[in-house]
Amino acid sequence: MSIPLQRFSLAAVFSILFCSSLCTAAREAIKPILAIPDKIVLQDDFSISEPLAKGTWSLRQHTRWNIEEGVLRGIPSSLEYQNSRRDHQGFEPRISCPATPSEFVASFSIRFIGGTETSIAPFVEFGHHVARIKFSEMGMSLIADGESVKLDEAKDFKYESGKWYHAMAELRGDEFVIQFANGPTLYAKHPRFALPVSSGGAGFGVAGTKGGAVEIDELTLWSIKAKINPMWKSAQKQLTPFPPILLKEPK
């Protein structure tokens, strides 16, 4: 978690440690409900500043990403690059993690800092245009299949700039669920989830606000076992059914 390098009073230090412990507790309180984790494919707390491994990470639209102050931080592309393009200019920091298994459990912390919300971003997605969580000041939505259909939403869970969000996402077959610490659980079943990703941006992916920054921390990706999680039947009964809303015709 990012902590600016400056002098702190003793009270401020204790406050930071207390907040950090609360974040850890909130993150660890989330347990898988759909899938059973198998092997850890990737685990990183970004405590070591080093170049991002090729094949593990894919920097999108020439946006700039570095490990700094204990987080993976992304900012938009350079003005020179933006002015050289007519589209995909990198106004929002974007990154994907092709190392993500096709079926997975993913635990992560993320925050979006500054910038401007757009009709598309900020978001977290799993598979490019496959399962996307759109953060908004109007609430949160789970959209899928090329943003053609809304499959779930949480209108009361409104995006706040600079706030850390701790989440666990799971994909097994054609089912996807994501839990947020002290927040909602979004769930959907859709045939697109079970199909391979045919375009770039495979795996866990992020896009920030326009002109803003993104910080990612405490990321763990697991492959999953063949059996369904024994907790799933009872957990699924607690979820409120959401009638899908067609947003546009899928491609």
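Keep in mind that the numbers below use all heavy atoms, side chains included, and drop hydrogens, waters and symmetry copies. Each residue takes its place number in the sequence, starting with 1.
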*Asks:* Side-chain contact test, heavy atoms from C-beta onward, threshold under 4.5 Å: evaluate it for Ile110 versus Tyr165 and give yes or no.
*Replies:*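 With C-beta onward as the side chain, the pair touches.
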*Asks:* Backbone N or O of Trp232 within a donor-acceptor pair of the Gln236 side chain at under 3.5 Å?
*Replies:* no
*Asks:* Once rounded to the nearest 0.5 Å, what's the spacing between atom NE2 of His62 and atom NE2 of His88?
*Replies:*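 So the NE2 of His62 and the NE2 of His88 are separated by 12.5 Å.
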*Asks:* For Thr63 and Trp65, does a side-chain donor sit closer than 3.5 Å to a side-chain acceptor?
*Replies:*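 Yes, Trp65 and Thr63 have a side-chain donor paired with an acceptor closer than 3.5 Å.
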*Asks:* Do you know which two heavy atoms are closest between Pro122 and Lys134, and how far apart they sit?
*Replies:* O-CD, 3.4 Å
*Asks:* Grab the two heavy atoms, one from Cys97 and one from Thr100, that are nearest each other, plus how far apart they are.
*Replies:*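 Where Cys97 meets Thr100 most closely, the heavy atoms are O-OG1, 2.7 Å.
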*Asks:* Measuring from Asp152:CG to Leu142:CG, what's the distance to the nearest 0.5 Å?
*Replies:* 6.0 Å
*Asks:* Measure across Ile113 and Glu215 and return the closest heavy-atom pair with its distance rounded to 0.1 Å.
*Replies:*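 It is CD1-CD, 3.7 Å.
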*Asks:* Step through it carefully: locate the ring centre of Phe135, locate the ring centre of Phe112, and say whether they are under 6.0 Å apart.
*Replies:*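 Ring-ring flag for Phe135/Phe112: true, centres closer than 6.0 Å.
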*Asks:* To the nearest 0.5 Å, tell me how far Arg94 CZ sits from Leu59 CG.
*Replies:* 13.0 Å
*Asks:* Please list, chain by chain and in numerical order, all residues satisfying side-chain contact (heavy atoms from CB on, under 4.5 Å) with Glu125, sequence neighbours excluded.
*Replies:* Phe123, His128, Arg132
*Asks:* Check whether Ser148 reaches the backbone of Glu249 with its side chain - one donor and one acceptor, N or O, closer than 3.5 Å.
*Replies:* no
*Asks:* Quick check: closest heavy atoms across Pro250 and Asp145, and the distance to 0.1 Å?
*Replies:* CB-OD2, 3.7 Å
*Asks:* Rounded at 0.5 Å granularity, tell me how far OG in Ser141 sits from CD in Glu153.
*Replies:*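 One finds 5.5 Å between OG of Ser141 and CD of Glu153.
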*Asks:* Should His190 and Leu151 count as side-chain neighbours, where that means a heavy-atom distance under 4.5 Å?
*Replies:* yes
*Asks:* Stepwise, does the side-chain hydrogen bond (donor to acceptor under 3.5 Å, both in side chains) test hold for Glu92 with Thr118?
*Replies:* CA-CA 10 Å; Glu92 308 90 12; Thr118 72; 4.6 Å; no
*Asks:* Could you give the distance from CG (Asn229) to OG (Ser234), rounded to the nearest 0.5 Å?
*Replies:*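 Asn229 atom CG to Ser234 atom OG measures 8.5 Å (nearest 0.5 Å).
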*Asks:* Tell me if the centroids of the rings in Tyr81 and Phe91 come within less than 6.0 Å of each other.
*Replies:* no
*Asks:* Applying side-chain hydrogen bond (donor to acceptor under 3.5 Å, both in side chains) between Tyr187 and each of Gln179, Glu170, Gln238, Glu175, report the one that passes.
*Replies:*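 Option passing the side-chain hydrogen bond (donor to acceptor under 3.5 Å, both in side chains) with Tyr187: Glu175.
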*Asks:* Near Asn83 CG, under 6.0 Å, is it more than 12 heavy atoms from other residues, nucleotides or ligands?
*Replies:*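 Yes - once you tally the heavy atoms of other residues, nucleotides and ligands closer than 6.0 Å, there are more than 12.
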*Asks:* Mind telling me whether Phe126 and Phe176 have parallel, tilted or perpendicular rings, with 30° and 60° as the class edges?
*Replies:* tilted
*Asks:* Would the number of heavy atoms belonging to other residues, nucleotides or ligands and lying under 6.0 Å from CD of Glu80 be above 12?
*Replies:* no
*Asks:* Report the distance from atom CZ of Phe157 to atom CE of Met140, rounding to the nearest 0.5 Å.
*Replies:* 5.0 Å
*Asks:* Is Ser107 close to Glu218 at the side-chain level, that is, under 4.5 Å between some pair of heavy atoms?
*Replies:*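 Glu218 vs Ser107: side chains apart.
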*Asks:* Just so I know, are the side chains of Lys150 and Pro244 near enough to count as touching, which here means a heavy-atom distance under 4.5 Å?
*Replies:* no
*Asks:* For the residue pair Ile224 and Pro101, establish whether any side-chain heavy-atom pair is separated by less than 4.5 Å.
*Replies:* no
*Asks:* Ala121 and Gly208: which non-hydrogen atoms are nearest, and at how many Å?
*Replies:* CB-O, 3.1 Å
*Asks:* Quick check: do Pro191 and Asp174 have side-chain heavy atoms less than 4.5 Å from each other?
*Replies:*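 When only atoms from C-beta onward are counted, Asp174 and Pro191 do not touch, as no gap falls below 4.5 Å.
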*Asks:* Are Glu103 and Arg172 ion-paired here, with the side-chain N under 4.0 Å from a carboxylate O?
*Replies:* no
*Asks:* Please check: side-chain N/O of Ser49 versus main-chain N/O of Ile67, any donor-acceptor pairing under 3.5 Å?
*Replies:*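 Yes, because the side chain of Ser49 sits within donor-acceptor range (under 3.5 Å) of the backbone of Ile67.
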*Asks:* Taking all atoms of both residues into account, what is the closest heavy-atom pair of Pro32 and Met168, and its distance?
*Replies:*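 Reported closest heavy-atom pair: N-SD, 3.4 Å.
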*Asks:* Within a 6.0 Å radius of atom NZ on Lys39, are there more than 12 heavy atoms belonging to other residues, nucleotides or ligands?
*Replies:*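 Atom NZ in Lys39 is not packed in, count stays at 12 or less.
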*Asks:* So does Glu137 pair up with Lys158, basic N to acidic O under 4.0 Å?
*Replies:*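 No.
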*Asks:* Answer yes or no: is there a side-chain heavy-atom contact under 4.5 Å between Leu72 and Asp217?
*Replies:* no
*Asks:* Between Ser136 and Glu117, does any side-chain donor sit less than 3.5 Å from a side-chain acceptor?
*Replies:*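 There is such a pair between these side chains.
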*Asks:* Would you confirm whether Asn66, through its side chain, and Glu68, through its main-chain N or O, come within 3.5 Å as a donor-acceptor pair?
*Replies:*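 Such a contact is absent between Asn66 side chain and Glu68 backbone.
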*Asks:* For the pair Ser77 (side chain) and Gly90 (backbone), establish whether a donor and an acceptor sit closer than 3.5 Å, ignoring hydrogens and angles.
*Replies:*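 Side chain of Ser77 to backbone of Gly90, a donor-acceptor pair under 3.5 Å: yes, one is there.
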*Asks:* Tell me, do Val105 and Leu171 make a side-chain contact under 4.5 Å, heavy atoms counted?
*Replies:* no
